[in-house]
2 protein chains.
Amino acid sequence: MTGFTDADIQCVNNIRVLAADVVAKANSGHPGAPMGMAPVAHVLWTKFLKFNSKNSGWWNRDRFVLSNGHACALQYIMLHLCGYKLSMDDLKSFRQLGSITPGHPEAHMTDGIEVTTGPLGQGICNAVGMAIAQAHLAAVFNKDGFPIVDNKIYAFLGDGCLQEGVSSEAMSLAGHLQLGNLIAVYDNNKITIDGDTAVSFTEDVEARVKSYGWNVLHVENGDSDFAAIEAAIAEAKASVSAPTLINLKTIIGFGSKQQGTHGVHGSPLKADDIAHLKKTFGFDPEAKFQILQSTTDLYKAVIDKGAKAEAEWNELLEKYKQQYPKEASELVRRFEGRLPDGWEKALPTYSPSDPAVASRKLSETVLTKLAAALPELIGGSADLTGSNLTRWKDAEDFQPPSTGLGSYAGRYFRFGVREHGMVAICNGLAAYGGVIPFNATFLNFVSYAAGAVRLAALSHFRMICVATHDSIGLGEDGPTHQPVETAAWLRAMPNLAFWRPADGNETSAAYTVALLSTGTPSVMALSRQNLPQLEGSTIQKATKGAYVLEEVENADLTIVSTGSEVGLCVAAIQKLKSKGLKVRMVSMPCVDVFLAQDKAYKLSVLPSGNPVLSVEAYSTYGWGNVSHEHFGLKAWGASGPYDQVYEKFGLTPDGIAERAEKVAAFYKNRGEYAARRRVG
Amino acid sequence: MTGFTDADIQCVNNIRVLAADVVAKANSGHPGAPMGMAPVAHVLWTKFLKFNSKNSGWWNRDRFVLSNGHACALQYIMLHLCGYKLSMDDLKSFRQLGSITPGHPEAHMTDGIEVTTGPLGQGICNAVGMAIAQAHLAAVFNKDGFPIVDNKIYAFLGDGCLQEGVSSEAMSLAGHLQLGNLIAVYDNNKITIDGDTAVSFTEDVEARVKSYGWNVLHVENGDSDFAAIEAAIAEAKASVSAPTLINLKTIIGFGSKQQGTHGVHGSPLKADDIAHLKKTFGFDPEAKFQILQSTTDLYKAVIDKGAKAEAEWNELLEKYKQQYPKEASELVRRFEGRLPDGWEKALPTYSPSDPAVASRKLSETVLTKLAAALPELIGGSADLTGSNLTRWKDAEDFQPPSTGLGSYAGRYFRFGVREHGMVAICNGLAAYGGVIPFNATFLNFVSYAAGAVRLAALSHFRMICVATHDSIGLGEDGPTHQPVETAAWLRAMPNLAFWRPADGNETSAAYTVALLSTGTPSVMALSRQNLPQLEGSTIQKATKGAYVLEEVENADLTIVSTGSEVGLCVAAIQKLKSKGLKVRMVSMPCVDVFLAQDKAYKLSVLPSGNPVLSVEAYSTYGWGNVSHEHFGLKAWGASGPYDQVYEKFGLTPDGIAERAEKVAAFYKNRGEYAARRRVG
Ligand SMILES: [Ca+2]
Ligand SMILES: [Ca+2]
């Protein structure tokens, strides 16, 4: 390590004044944290971070996560200084419509941004996920003399991130997993939006994080003691079997007249304050968006160092390819995101003579087959392994070797009772690349992870939530565990596929589409109870999201249903046949995927002029978008044996038949437009 | 305190064998934790807990929360032994349809159950809320020599509760708030569903909880050292300025052949194991549901002691009434849940000439007026006070006096960045009684609290979520902060009112209905941006959930809209008038409340045969239930000044008018049934 010079001090102050300018020009945003964290950002980027800004996708780059995403002016400035595709004009259009510098960092928008942050607590969990992916891939691919995966994961986080429960979940697990490759810097500035942290956040953060098994370091003066910052990061890098938190004391908005107060947290500095700041740091108070030549020069050297680092790594990779051709081609395949040829042949198919099986069990069969076909598939459950049926027989747990419970090459995760952290960690796994993550809990508790599920969808992550015990069909556990409103929430979410397969073929179809949807998370709603294998279902048909299970000429009615209720509807239709009623049956395992089909296909499934009755053991909210009448639950479920619970709500072949008759009678002779315009 | 005798040992073993029988008869449930926690339950109920089972609503009773709700066989047994309205037959119909002993405890179902638990982590947060309510009411109502509110809050929790992030949030805040009235017992049995906690949960729990500022005690042998349990609870009771966690080591399923393994966690013991258990404890292995005479006798004394305690308190209350008649009548009013006469007159009304104001600001005015009119209204924000505008001018913070920042009589809360914990705490406040809680964050982050919001609705709690920055109208913060799917989720939730007021009168209406809905939580979606005061809005009309803002004879179309888009639609209709199009305008601040009106009213708002276009800056999912065509967002929002973001998505008067024209043209002359059956 080298010492720091005046050029470093000038760089740091340059970042500070630039942050003030960027936020002021937008007339919106957060100047305080960028100004306070400028020193650690400068030290990290110039002395430690391994990256090549000309190839932001370099696999072995260090990953950086800004968990306090509202401080993104800092991140954009660092990306600009380091030569990423982020120009001065982009800095000037911070928070403007159509810019690549939105109000909070969005991974798919901006070169060099690894994950979408802003919702507090998520980023640090993503970093834990990345550290897991790094440790796993290193364990699988590194060879003696070939540290082909040897990068680190860095994260910045603030008071807000530490207050959010999701960070407690992931940080506790990170300690258990002994992730020595993870280095987090806590911007301890004693300020949040409500003012001094004394009003609500007086816990002993260092003791808490130590209790998780972390290595905790302390930098008393994060504003100007660059050497101490450097020493702390160096010490953290040396930690092998524990993640590190550096408690970095800073003054928010350092240099502003209002420094150290929440006045600098979430609004631009006033013009006279910016002038004061620039004068204090020896900048021209009149000039805006200044970058000193010394700053440019210093960062030029950093950019070159990064390009050289990748070049050296590429040489190593070439040698690795020669010595370990099989491993190398697998590594390349996985990082390029190509599935192995013929993987989909692993998926089981079923015929009506096969026995009735719970779809969680069907999912277990699929996961077992896929685990063999796709070594990149990794995942686990939030302490419901035996209920979610997510662990294949010969799975090895992902565990620190010292525990004797598994290894870092293991692909099965014991997430603990930590649903939100689990999904946020999976977002980090997906962001890292080279792995395809899944996670599992009861459908009802996917809601606990809402914040992370939303970010998976917004961030275009392929990630699979195995959500078993998906309705009142879970029976005795009762309404506290029976999802009623969850499907509506997930269906209303953009870019998320909510699947509710009705049998074995549909379960295979759901996984097929989920794995092929490289930019979309999927939730698999799976039954606890047994479901019959349907006559007329195929993987191919189900991949369209909905299909005709039973066609009838001149039908009086179409019933559309999902998951465990499809079999009940098929039985109801049999009863209606004997009464002379002609009813078509549509199975719709995924509304979103169906609505994305072309109009001709959609009209072939739900023809204009034919009334449609939906049947689903959930709130009927939302079914108006594809059906005319809706049969479901009016409110909550009930505790009892599941067949009795279904009976209580009339969700039986008889109850459905009765409802269908009424709907058909209502629409009879009501004119061609009565039942039109439901789909389009 | 007295010592323990053989009768106590027999009672504990009686509880254990009863728990095994209860779960075995149901053939479903969790025997392990009840058997492991039988000793602490027995000690707590017989030596400490203040209650009168003949009046489970006694205000000054101690509150007990079973945060590990899956152990509810234990709670039901204790209620039975203690003389609550829970019979042996009720124990025998555990987890059966229609019983008052559902699979997890439901507060509104069963006498003596304070809060609905089962979803892990919630109960301990509820207990924190109860402890806050207790401290607050004690500070407000107690007088020298009149400790009229002097009860304690007890909670049991397990490994799962401690792993959930929500408990970290609430426990950290409880430490900050120095809630000495809160005593939690951690059932440290080293087992969760996935097996030994060594697989995922190896943090130092005691150190972690100490870091929050808690008093942490330790009982090494929770299986048979009753004296140590008693001593720990007594020591906890003496803690004045810190909540206490008792780390109680127990063996799960104590007495079973499989004790200490996850085999006893979530399924009934086998018949031979139960026989073994009964033999071990000296019970008849053939007899089921035995209660020894010595058990009955011992608990009879406990029941009598409780009745006497309430009688003594009633005498104290009588004296208090004489000496402090004003305070006493206020205490009575608040615990009986009666709002003060004329409170609703405090609500402001507006006319179209009043200036445009953001609905978050309108909400601030309402809260300021209500704070004066309703001393029971207490609440705060998850570190967004200045953005949510939830703090009235002369509010005092609820803080430990030693901080110098407020007092326990204070009514404003600094929840920190802890949305999930905040809402779960508010559930506890509502459950305690005597207060009406509200909380606040951005609408997008109500999702972080999904688990607790759901339980508010299921538990019939009056609780208000102030959810500002409710759409793309928040502008620059961007899609990470712009809710798109949240309204659909909340509208699909049974027994929850999602309000999105369009102006001042509607904001007043929303709060009116929310406060009158004693068994329903409400979410107020409020704008960051200014909204005009509408011509035609009144509090009275808006309380119906939807009403006609502009009526036209022989209309071509009805537009229905909510919140900030209503004003845009009104402007669009003006434009359409000049083109000769007749358009009715309906404002629908609360879909649920509207759908609960009688059919005649609903048809007067949305007449059959008239096509309806919905306009809302969210996902259109769900609008099919009341409208024919839907205009909203196809996916996520965008970061930029809010007016430009609205423009980008065509949500402007011009864009809406263009859409309306097309819809009217499509439905013209399409026959009377074309636009029927949307509401009913
Ligand atoms: Ca801070
Ligand atoms: Ca346990």
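Convention: sequence-line order gives letters A, B, ...; per-chain numbering from 1.
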Between CG on residue B:Asp204 and CZ on residue A:Arg208, distance to nearest 0.5 Å: 14.0 Å
Top of B:Met109, B:Gln122, B:His70 for chain A proximity - count of heavy-atom pairs under 4.5 angstrom: B:Gln122
Inter-residue atom distance A:Leu97.CG - B:Glu476.CD, 0.5 Å rounding: 10.0 Å
Any donor-acceptor pair under 3.5 Å from B:His104 side chain to A:Asp477 backbone: yes
Least distance between heavy atoms, A:His176 atom then B:Thr202 atom: ND1-OG1, 2.8 Å
Selection from A:Ser459, A:Ala635, A:Gly386 maximising heavy-atom pairs under 4.5 Å formed with chain B: A:Ala635
Residue, of A:Gly451, A:Gly160, A:Ser381, that accumulates the most heavy atom pairs under 4.5 Å with chain B: A:Gly160
Chain A contacts, top residue of B:Ala207, B:Gly478, B:Ser619 (heavy-atom pairs, under 4.5 Å): B:Ser619
Pairs of heavy atoms under 4.5 Å with chain A: top-ranked of B:Lys634, B:His262, B:Gln96: B:Gln96
Side-chain (B:Asn625) to main-chain (A:Gly624) donor-acceptor, under 3.5 angstrom: yes
Largest heavy-atom contact set with chain A, pairs under 4.5 Å, which of B:Leu405, B:Asp383, B:Leu490: B:Asp383
Residue selection (most heavy-atom pairs with chain B, distance under 4.5 Å) from A:Ala382, A:Ala457, A:Ser93, A:Ser167: A:Ala457
Note, B:Arg418 side chain near A:Ser200 side chain (heavy atom, < 4.5 Å): yes
Over all atoms of both residues, closest heavy-atom pair of A:Gly118 and B:His481: C-CE1, 3.8 Å
B:Ser447 side chain vs A:Ala450 backbone, donor-acceptor pair below 3.5 Å: no
Atom pair OH (B:Tyr642) and OG (A:Ser28), whose distance is rounded to the nearest 0.5 Å: 13.5 Å
Residue B:Pro400 versus chain A: region with a heavy atom under 4.5 Å: neither
Interchain contact, A:Glu106 with chain B, by part (heavy-atom threshold 4.5 Å): side chain
Non-hydrogen side-chain atoms of B:Ser168 and A:Glu164 separated by less than 4.5 Å: no
Top of A:Thr192, A:Asp159, A:Val199 for chain B proximity - count of heavy-atom pairs under 4.5 angstrom: A:Val199
A:Tyr448 and B:His420 aromatic ring geometry - parallel, tilted or perpendicular at 30°/60° bounds: perpendicular
Side chain, backbone, both or neither of A:Leu458 within contact of chain B (heavy atoms, under 4.5 Å): both
Closest approach of B:Gly416 to A:Gln163 (non-hydrogen atoms, all atoms of both residues): CA-OE1, 3.1 Å
Chain B contact via A:Phe445 - side chain, backbone, both or neither, heavy atoms under 4.5 Å: side chain
Donor-acceptor pair, side chain of B:Ser639 and main chain of A:Gly103, under 3.5 angstrom: yes
Between B:Thr117, B:Asn27, B:Val417, the one whose heavy-atom pairs under 4.5 Å with chain A are most numerous: B:Val417
Among A:Val645, A:Val484, A:Leu455, A:Leu120, residue most engaged with chain B (heavy-atom pairs, under 4.5 Å): A:Leu120
Nearest heavy-atom neighbours spanning A:Asp194 and B:Thr385: OD2-OG1, 2.7 Å
Part of A:Glu647 within contact of chain B (heavy atom distance under 4.5 Å): neither
Option in A:Asn495, A:Ile193, A:Thr620 with maximal non-hydrogen atom pairs under 4.5 Å from chain B: A:Ile193
B:Glu169 (side chain) donor-acceptor with A:Gly165 (main chain) under 3.5 angstrom: yes
Choice from B:Ala638, B:Gly640, B:Gly622 maximising heavy atom contacts with chain A below 4.5 Å: B:Gly622
Region of B:His30 in contact with chain A, defined by heavy-atom distances below 4.5 Å: side chain
Engaged part of B:Gln482 at the chain A interface, taking heavy atoms whose separation is under 4.5 Å: backbone
Shortest non-hydrogen contact between A:Tyr621 and B:Trp623, atoms and distance: OH-N, 4.5 Å
Shortest non-hydrogen contact from A:Arg454 toward B:Thr480: NH1-O, 3.6 Å
Note, A:Arg491 side chain near B:Glu485 side chain (heavy atom, < 4.5 Å): no
Region of B:Phe201 that comes under 4.5 Å of a non-hydrogen atom in chain A: both
B:Gln644 portion near chain A, given a 4.5 angstrom heavy-atom threshold: both
